[in-house]
Amino acid sequence: MPRSKLFITFIVCFFLNTLSVSVLAQDPENWLEKAQALDKDGFWDEAIEAWKKIATTNTNSKLTIYARLKLVATYLKLGQFQQSIDTAQALVQLHPNNFDAHFHLANSLSALRRFSEAIEAYTKTTTLKPDEGLGYVGLGLSLFGNSDSKKAIETLLKANKLFKEKRNISWYRDTRVMVAQIKHFAKFPPSFSNLWLKNNLKVVRDTYEKAVFDSKQYLR
């Protein structure tokens, strides 16, 4: 092929690629659809790149917040704890009264066993939404992780009362069991309570994402 035709072909391809990127950059909905599909299928590494694309747009502030929250959660699933924490901390700085931002930060900090900081973040969630029992559960577990069993039990009993009032029977029972287990952990090696704490914090994270974190408020 003559050089002139090769050059024209190159220019056309470059233009089309640039146009495609430009269109996607101007339409975050395309990236949202891609990110959600990747996230649903468990391709979290690839989903991160799509969430980043949305997070850098300014066309829809709610969508941008949602993308950053999803980035935090996805980093956490991939075990990239520091990236998760850094992203959540930046989001909290931008939106200090956003319940979800603080809950994501608390989840990330507790996963890395940074319990004193997690306590602060979970406490903020209980201030922003005092009727949401799961924030008290995360707080209580973090207090236990921070070697304060007395306050942990007091906090979990608050959660237990909230769950009872809301007739959330499963969590009402779970928090009651947690309190009983904390009272007896002194008899066992620390490895028992460490594993118990890790598993229960994961349950808090999973429940939060499925039952509390409402994507609709960001996607409307």
Side-chain angles (χ1 to χ4, degrees), residues 65 68-77 79-93 95-166 168-183 185 192-215 217:
I65 294 172
R68 291 177 180 176
L69 290 168
K70 291 296 291 184
L71 266 177
V72 176
T74 307
Y75 279 134
L76 193 55
K77 289 174 183 176
Q80 299 177 22
F81 300 119
Q82 193 57 53
Q83 291 94 321
S84 181
I85 290 170
D86 291 343
T87 304
Q89 286 177 330
L91 190 56
V92 164
Q93 290 294 319
H95 305 280
N97 294 316
N98 186 292
F99 169 83
D100 292 311
H102 286 281
F103 215 117
H104 274 69
L105 176 59
N107 286 342
S108 299
L109 290 166
S110 61
L112 201 57
R113 298 184 62 83
R114 288 167 56 170
F115 292 120
S116 59
E117 296 169 85
I119 288 168
E120 184 178 348
Y122 279 124
T123 299
K124 183 65 175 179
T125 71
T126 63
T127 300
L128 292 170
K129 286 191 178 182
D131 293 331
E132 177 49 63
L134 201 63
Y136 291 98
V137 178
L139 175 58
L141 291 172
S142 296
L143 284 164
F144 177 69
N146 207 40
S147 302
D148 194 340
S149 295
K150 182 180 179 180
K151 284 187 178 180
I153 290 172
E154 291 173 357
T155 304
L156 287 169
L157 287 174
K158 286 183 182 179
N160 182 263
K161 183 179 179 181
L162 283 171
F163 290 129
K164 183 178 181 180
E165 290 172 354
K166 292 187 176 184
N168 188 331
I169 304 303
S170 61
W171 270 105
Y172 169 71
R173 290 173 178 170
D174 287 345
T175 48
R176 188 170 59 182
V177 170
M178 287 178 185
V179 169
Q181 289 172 325
I182 287 175
K183 289 179 179 179
F185 269 130
F192 281 68
S193 60
N194 288 339
L195 180 60
W196 175 88
L197 183 58
K198 179 181 179 180
N199 290 338
N200 278 287
L201 284 170
K202 186 179 186 305
V203 172
V204 169
R205 294 196 299 271
D206 292 343
T207 303
Y208 165 72
E209 284 197 48
K210 293 175 182 177
V212 180
F213 178 44
D214 182 11
S215 61
Q217 66 175 308

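Worth saying up front: this structure is predicted, and the values here are computed from it rather than measured.
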So, taking the atom named OG1 in Thr87 and the one named CG in Leu71, what distance separates them when rounded to the nearest 0.5 Å? 6.0 Å
Answer yes or no: is there a side-chain heavy-atom contact under 4.5 Å between Gln93 and Gln89? no
Heavy-atom closest pair, residues Thr155 and Gly140: CG2-N, 3.7 Å
Between His102 and Pro96, is there a donor-acceptor pair closer than 3.5 Å when you use the side chain of the first and the backbone of the second? yes
Any Lys/Arg nitrogen of Lys210 or Asp206 sitting under 4.0 Å from an Asp/Glu carboxylate oxygen of the other? no
dist Asn200:CG -> Ser193:OG (nearest 0.5 Å) comes out at 11.5 Å
Heavy-atom side-chain contact between Trp196 and Ile182 under 4.5 Å: yes
CD (Glu120) with more than 12 external heavy atoms under 6.0 Å: no
Neighbour count above 12 (heavy atom, 6.0 Å) for Lys183 NZ: no
Separation between NZ (Lys198) and CG (Leu195), nearest 0.5 Å, reads 7.5 Å
In the structure I gave you, are the side-chain heavy atoms of Thr175 and Val179 within less than 4.5 Å of one another anywhere? no
Interatomic distance, Glu117 atom CD to Ser108 atom OG [nearest 0.5 angstrom]: 11.5 Å
Got a second to check how far Leu197's CG is from Phe144's CZ, nearest 0.5 Å? 6.5 Å
Check: Thr125 and Glu132 side chains under 4.5 Å, non-hydrogen atoms: no
Do Phe103 and Tyr122 have ring centres separated by under 6.0 Å? yes
Ignoring hydrogens and angles, tell me if any N or O in the side chain of Ser142 forms a donor-acceptor pair with the backbone of Ala118 under 3.5 Å. no
Polar side-chain atom of Thr207 near backbone of Val204 as donor-acceptor pair, under 3.5 Å: no
Is Ser84 reaching over with its side chain to a backbone N or O of Gln80, donor-acceptor style, under 3.5 angstrom? no
Audit row: Val212, Phe99, side chain to side chain contact (heavy atoms under 4.5 Å, CB included) steps and yes/no: CA-CA 11 Å; Val212 180; Phe99 169 83; 3.9 Å; yes
Who pairs with Phe163 by ring-ring contact (aromatic ring centres under 6.0 Å, His included), at least two apart in sequence or on another chain? Trp171
salt_bridge(Lys151, Glu154) N-O dist < 4.0 Å: no
Look at the side chain of Asn160 and the backbone N and O of Tyr172, then say whether any donor-acceptor pair between them is shorter than 3.5 Å. yes
So do the side chains of Tyr136 and Pro130 get within less than 4.5 Å of each other, counting heavy atoms only? yes
With rounding to the nearest 0.5 Å, note down the distance linking OG in Ser116 to CG in Leu143. 11.0 Å
Stepwise side chain to side chain contact (heavy atoms under 4.5 Å, CB included) test for Val72 and Gln83: CA-CA 8 Å; Val72 176; Gln83 291 94 321; over 6 Å; no
Can you tell if the side chain of Phe81 reaches within under 4.5 Å of the side chain of Arg113, non-hydrogen atoms only? no
Under the side chain to side chain contact (heavy atoms under 4.5 Å, CB included) criterion, do Arg205 and Phe213 qualify, and how do the steps go? CA-CA 10 Å; Arg205 294 196 299 271; Phe213 178 44; over 6 Å; no
Please check if the side chain of His104 supplies one atom and the backbone of Asp100 the other of a donor-acceptor pair under 3.5 Å. yes
Would you say the side-chain atoms of Lys158 pair up with the backbone N or O of Gly133, donor to acceptor, closer than 3.5 Å? no
Mind checking whether Lys124 and Asn97 have side chains closer than 4.5 Å, heavy atoms only? yes
Indicate the atoms forming the closest heavy-atom contact of Ala121 with Leu109, along with that distance. CB-CD1, 4.4 Å
Scan side-chain atoms only and decide if Asn168 and Ser170 contain a donor-acceptor pair under the 3.5 Å cut-off. yes
Before accepting this row, confirm whether a basic side-chain N of the pair Lys77/Glu209 lies closer than 4.0 Å to the acidic partner's carboxylate O. yes
Hey, are the side chains of Leu91 and Asn98 touching, using non-hydrogen atoms and a 4.5 Å cut-off? no
